[in-house]
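Numbering of residues begins at 1 and proceeds along the displayed sequence. Keep in mind that this is a model prediction, so the values were computed, not measured.
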Amino acid sequence: MVSHDFNYGVMQEEIQEVYLMCLLSKQKFAEQSGLSVSSVNRYMKMGLLRYTKIGYRVLFPSSELERLAGLATVHGGIAEPLTADRSEV
């Protein structure tokens, strides 16, 4: 029988570190999405954005930038978010 010396505690810490690297602060999310922080707050309140809270920090998965782009439609050169289907949020 082959013995594997896995340290699951270290592996779990590495997974958490990678997960946190994929999260954006509210400020970074606003900058990268082209939204103002107040718009991000409004969309959070409306339930249009997926986010998580860790302590007092609000963090957004980087994949939310792509999802947000899919919810937007261009009208006269200005991207306006559509109402999200609640099953997606």
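Taking the side chain as every heavy atom from C-beta outward, Leu49 and Glu64 approach each other to under 4.5 Å.
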Distance-only donor-acceptor pairs under 3.5 Å for side chains of residues 23-31, two or more places apart:
{"residue": "Ser25", "atom": "OG", "partner": "Lys28", "partner atom": "N", "Å": "3.1"}
{"residue": "Lys26", "atom": "NZ", "partner": "Asn41", "partner atom": "OD1", "Å": "2.6"}
{"residue": "Gln27", "atom": "NE2", "partner": "Glu31", "partner atom": "OE2", "Å": "3.3"}

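Residues Met44 and Val58 share a closest heavy-atom pair of CE-CG1, 3.6 Å.
Partners of Ser39 under the side-chain contact (heavy atoms from CB on, under 4.5 Å) rule, at least two apart in sequence or in another chain, are Leu35, Ser36, Arg42, Tyr43.
Distance check, rounded to the nearest 0.5 Å: OH of Tyr51 to CZ of Arg57 gives 15.5 Å.
Cluster membership check: Met46 shares its hydrophobic cluster with Phe60, using side-chain heavy-atom separations under 4.5 Å among Ile, Leu, Val, Met, Phe, Trp and Tyr.
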